[in-house]
Chemist: 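Sharing a structure below in structure tokens format, with a few things to ask.
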Amino acid sequence: MSDSQPIRVRIAPSPTGDPHVGTAYMALLNLIFARQRGGRFVLRIEDTDRARFVASSEQMIFDALRWLGLEWDEGPDKGGPFGPYRQSERTPLYLEAVAKLLASRNAYRCFCTPERLEEMRKQQAAAKLPPRYNRACRGLDPAEAEQRQAAGEACTIRLAVPVEGSTTFRDELRDAITFDHNNVDDQVLLKSDGFPTYHLANVVDDHLMGISDVIRAEEWISSTPKHVLLYHAFGWQPPRFWHMPLLRNSDKSKISKRKNPVSLIYYRQAGYMPAAMVNFLGLLGGGMPQGEDAASEKFSLDEMFARFQFEQIRLGGPVFDLEKLRWLNGLYLRALAPAEFLHAVREGVFSDEYLGRIAPLVQERIETLGQFLDLTDFFFLDQVLPPDSVFLPKKRTLEETLAVAADLLTALEASAWEHAPLEAALRALAAAKQWSAKEVFMLLRALITGKTASPPLLESLEVLGRARTLDRLRRFLDHYKGAAAPPAKAKATS
RNA sequence: GGCGCCAUCGUCUAGCGGUUAGGACGUCGCCCUCUCAAGGCGAAGAUCGUGGGUUCAAAUCCCACUGGCGCUACCA
């Protein structure tokens, strides 16, 4: 990493679902870094996981980041000199890299099946050994292994981690971090489906794209030695590493959708202002002058470009405090000129687009226009929390209803957000729980509308949207958590 | 379990060897006010995780412990 190298940073989200608030946080930090040092900010899509790939996700990532005003300089949608910026379009590059690694004996073919690996892990767990690949295939004769592969036998390519010694790298915020090689696993670099894993693709792309500074979340620290080993194996200069604190739930665990809204779509639809969100993210982890040095905790992206200091970042993971976000959002809303506020209400709550989707759902069942909001209020409410007199089916206990509601959430999370799959998911759930479809539909209706009578459920779900629907279910479950649960267990054994 | 990272009010944070440990959110009270917010004022809230050092002096430096978190996949 020579000092003369131009500053280039990147974010590398994977399109596996709704755009995540953590992605926005990393985008913000990378953007600031680039702007402060005259560098370029790259957006790269890491779509190497076929199993978790969600087709609509990429566009949602673009939209969400643009909504926040976190614009990138190079990316899949706007090109740049180091494309393509979508990993699925770069497979020849990874194959080439793997060939080099194989030739230099820094990697080897592994024919162990997933089942066998699973079995091995079980045994290791039973013997209280750390779960680690036992390197069964590492001693295979390379020529022989190549033949087996050529003959069609499925295999992965693994990194041959040196048996002895250790790897030390510098984290710009923490100084030297050392990992002993016997704590580093022979990581799979190329999956049997021919796609690279994160580790390989990431290193190859960061190098090829001239990334000077890798600014990513702290969860990557433990795999950094693998990355450094790869850079060395390729004979490349590693970038600088800056590991950022992880956003947390209020119980301090890594932020997750079960305990916190994490979808940027949700925040947009729930009426948060992009500037408030960016401001809030900028407040987390330090970086901006606070306390006596700061005129206010309210600041813009431009002010962050001017005043943010990476050296000031606090390493403790900040709790994503919705209360404070809401307060900040209120500040921004109140600061709007009346005309701007009206515009925000129109666009954010009563847009033609949104009303246009809602109106058809009630036209058949309306007698006066004055009833419009009576029939559709749940589309506009921030929260819906019905009492059990509304959601509890006759002949069902609270306990089993809550259990079904929990399964409802799981089923909806896994479903595509369209009429047919949603209906199928609900009917399948009813069958599995031995509830009538009517009961399941009614329960869900109550939970998202707060009423027992509403416009058609499936259509309403589509219009309300995935993010807000799931949030309502989570809030409901959270609210009733413990209400019907068996007496708290003494303490979870771990 | 192993490895790694981290550790100041409930939460976000200031602090960089000598401070009455400061600010913000939240909470509470008062003022304003037809209500509710907003706004103003004020209060409670942190023996700086614990124990050892170093130093005239430690929240600040060092060590140990404890706790939290992360990783431990053919996910990223």
Side-chain angles (χ1 to χ4, degrees), chain A residues 12-17 20 22-23 45-53 87 110-118 121 124-133 154-158 166 171 173-175 177-185 187-202 216-226 243 245-255 280-298 311-328 330-331 333-335 494:
Chain A
S14 52
T16 53
H20 198 274
T23 300
I45 296 292
E46 306 222 328
D47 54 350
T48 58
D49 185 347
R50 287 185 321 171
R52 294 202 303 153
F53 178 74
Q87 287 186 331
C110 171
F111 298 91
C112 296
T113 61
E115 295 71 34
R116 184 170 157 196
L117 293 171
E118 184 55 36
R121 273 184 220 108
Q124 287 168 334
K128 301 214 154 126
L129 291 168
R132 198 120 54 211
Y133 179 55
C155 76
T156 63
I157 309 295
R158 285 182 183 271
S166 62
D171 178 290
L173 298 176
R174 295 162 243 258
D175 276 325
I177 299 177
T178 298
F179 284 82
D180 204 292
H181 287 335
N182 54 38
N183 289 316
V184 182
D185 208 358
Q187 183 61 234
V188 169
L189 301 175
L190 196 71
K191 301 179 242 182
S192 57
D193 65 3
F195 279 85
T197 58
Y198 170 88
H199 307 282
L200 205 227
N202 190 264
R216 75 216 316 184
E218 187 177 31
E219 55 187 332
W220 293 107
I221 289 179
S222 0
S223 37
T224 304
K226 293 168 187 171
H243 291 278
L246 222 38
L247 265 22
R248 309 290 183 94
N249 298 311
S250 47
D251 65 2
K252 300 276 191 178
S253 55
K254 170 174 153 182
I255 195 165
F280 176 65
L281 292 174
L283 234 26
L284 300 179
M288 281 299 278
Q290 288 183 45
E292 289 165 353
D293 299 334
S296 155
E297 292 194 345
K298 188 179 177 213
E311 298 69 25
Q312 281 289 107
I313 284 176
R314 277 184 53 79
L315 271 7
V319 170
F320 191 92
D321 183 7
L322 270 176
E323 295 267 23
K324 190 148 185 176
L325 206 209
R326 293 178 74 91
W327 165 77
L328 251 182
L331 234 44
L333 249 17
R334 278 174 247 123
S494 63

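Scope of the values below: all heavy atoms of this structure, side chains included, with no hydrogens, waters or symmetry mates. Residue numbering restarts at 1 for every chain, and letters A, B, ... go by the order of the sequence lines.
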Chemist: If B:rA24 has a Watson-Crick or G-U wobble mate with both distances under 3.5 Å, name it; if not, just say none.
Modeler: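 Pair assignment: B:rA24 / B:rU11.
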Chemist: Whole-Å distance between B:rA7 C1' and A:Arg248 CZ?
Modeler: 10 Å
Chemist: Within the structure provided, determine whether A:Arg174 and A:Glu218 are in side-chain contact (heavy-atom separation under 4.5 Å).
Modeler: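 Answer yes - side chains close enough.
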Chemist: How long is the line joining CZ of A:Arg314 and P of B:rU11, in whole Å?
Modeler: 11 Å
Chemist: Generate the contact string for nucleotides 71-76 of chain B. Rules: B means base contact, S means sugar-phosphate contact only, - means no protein heavy atom under 4.0 Å.
Modeler: SSSBBB
Chemist: Side-chain N or O of A:Arg174 versus OP1/OP2 of B:rG4: is the shortest distance under 4.0 Å?
Modeler: no
Chemist: For B:rU19, give the paired nucleotide (Watson-Crick: N1-N3 plus N6-O4 or O6-N4; G-U: N1-O2 and O6-N3; both under 3.5 Å), or none.
Modeler: none
Chemist: Compare all side-chain heavy atoms of A:Glu297 with those of A:Leu328 and state whether any distance is below 4.5 angstrom.
Modeler: no
Chemist: Give me the distance, rounded to whole Å, that separates B:rU47 from B:rG42 when you measure between the P atoms they each carry.
Modeler: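 Those two atoms are separated by 25 Å.
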Chemist: Looking only at atom P, what distance separates B:rC48 and B:rU19, rounded to whole Å?
Modeler: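 Roughly 14 Å separates the two P atoms.
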Chemist: Okay, side chain of A:Asp251, backbone of A:Ser253: is any donor-acceptor separation there less than 3.5 Å?
Modeler: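 Checked: pair present.
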Chemist: Rounded to whole angstrom units, what separation is found between the CD atom of A:Glu218 and the P atom of B:rC5?
Modeler: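 Rounded to whole Å, this separation is 10 Å.
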Chemist: Rounded at 0.5 Å granularity, tell me how far CD in A:Gln187 sits from OG1 in A:Thr197.
Modeler: 5.5 Å
Chemist: How many Å lie between CG on A:Asn249 and C1' on B:rG10, as a whole number?
Modeler: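 About 16 Å, once rounded to whole Å.
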Chemist: Is any side-chain N of the basic residue among A:Arg121 and A:Glu118 closer than 4.0 Å to the acidic one's carboxylate O?
Modeler: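 A salt bridge links A:Arg121 with A:Glu118.
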Chemist: To the nearest 0.5 Å, what is the distance between CZ on A:Phe179 and OG1 on A:Thr224?
Modeler: 7.0 Å
Chemist: Which residue, A:Asn183 or A:Gly286, contacts RNA chain B at a nucleotide closer to its 5' end, judged by nearest heavy atom?
Modeler: A:Asn183
Chemist: Counting only side-chain nitrogens and oxygens, does A:Lys252 get under 4.0 Å of the OP1 or OP2 atom of B:rC12?
Modeler: yes
Chemist: Take A:Phe179 and A:Phe320, find for each the nucleotide of RNA chain B with the closest heavy atom, and name the residue whose nucleotide sits nearer the 5' end.
Modeler: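 Here A:Phe179 is the residue nearer the 5' end.
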Chemist: If we ignore hydrogens and angles and just use 3.5 Å, is the side chain of A:Ser296 paired with the main-chain N or O of A:Lys298 as donor and acceptor?
Modeler: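 Checking the backbone N and O of A:Lys298 against the side chain of A:Ser296, a donor-acceptor pair under 3.5 Å is found.
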Chemist: Between B:rC6 atom P and A:Ile221 atom CD1, what is the distance in whole Å?
Modeler: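 Between P of B:rC6 and CD1 of A:Ile221: 7 Å.
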Chemist: Under a 3.5 Å limit for both distances, which nucleotide forms a Watson-Crick or G-U wobble pair with B:rG68, could you say?
Modeler: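 Matched B:rG68 with B:rC5 under the 3.5 Å cut-off.
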Chemist: Sticking with atom C1', work out how far B:rU60 lies from B:rA14, rounded to a whole angstrom.
Modeler: 13 Å
Chemist: Could you state the atom-to-atom distance from CG of A:Asp171 to C1' of B:rC6 in whole Å?
Modeler: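 Value for this atom pair: 12 Å.
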Chemist: In chain order, what residues pass the salt bridge (Lys or Arg N to Asp or Glu O under 4.0 Å) check against A:Asp193, with sequence neighbours excluded?
Modeler: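 Counting only residues at least two positions away or on another chain, A:Asp193 forms a salt bridge (Lys or Arg N to Asp or Glu O under 4.0 Å) with A:Arg50.
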Chemist: How does protein reach along nucleotides 24-44 of chain B, written 5' to 3' as B (base within reach of a heavy atom under 4.0 Å), S (only sugar-phosphate), or - (no contact)?
Modeler: BSS-----------SS-----
Chemist: Between B:rU54 and B:rC63, how far is it from one C1' atom to the other, in whole Å?
Modeler: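 Those two atoms are separated by 11 Å.
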Chemist: Within this structure, what is the CG-to-C1' distance between A:Leu284 and B:rC12, rounded to whole angstrom?
Modeler: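 Spelled out: CG on A:Leu284 to C1' on B:rC12 is 7 Å.
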Chemist: OG1 of A:Thr48 to NE2 of A:His199: how many Å apart, nearest 0.5 Å?
Modeler: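 Those atoms lie 10.0 Å apart.
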Chemist: Tell me what A:Gln312 touches on the nucleic acid: a base, only sugar-phosphate, or nothing, going by heavy atoms under 4.0 Å.
Modeler: base
Chemist: Taking B:rC56 as the reference, what is the distance to B:rC41 when you measure between their C1' atoms (whole Å, please)?
Modeler: 42 Å
Chemist: Nearest 0.5 Å, what's the CG-CZ distance between A:Asp47 and A:Arg52?
Modeler: 12.5 Å
Chemist: Roughly how far apart, to the nearest Å, are B:rG68 and B:rC32 at atom C1'?
Modeler: 44 Å
Chemist: Would you call the rings of A:Tyr198 and A:Trp220 parallel, tilted or perpendicular if under 30° counts as parallel and over 60° as perpendicular?
Modeler: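 A:Tyr198 and A:Trp220: parallel rings.
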Chemist: For B:rU72 versus B:rG17, give the span between their C1' atoms, rounded off to a whole number of Å.
Modeler: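 The same atom, C1', in both gives a distance of 40 Å.
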Chemist: How far does the P atom of B:rG1 sit from the matching atom of B:rC9, given to the nearest Å?
Modeler: 26 Å
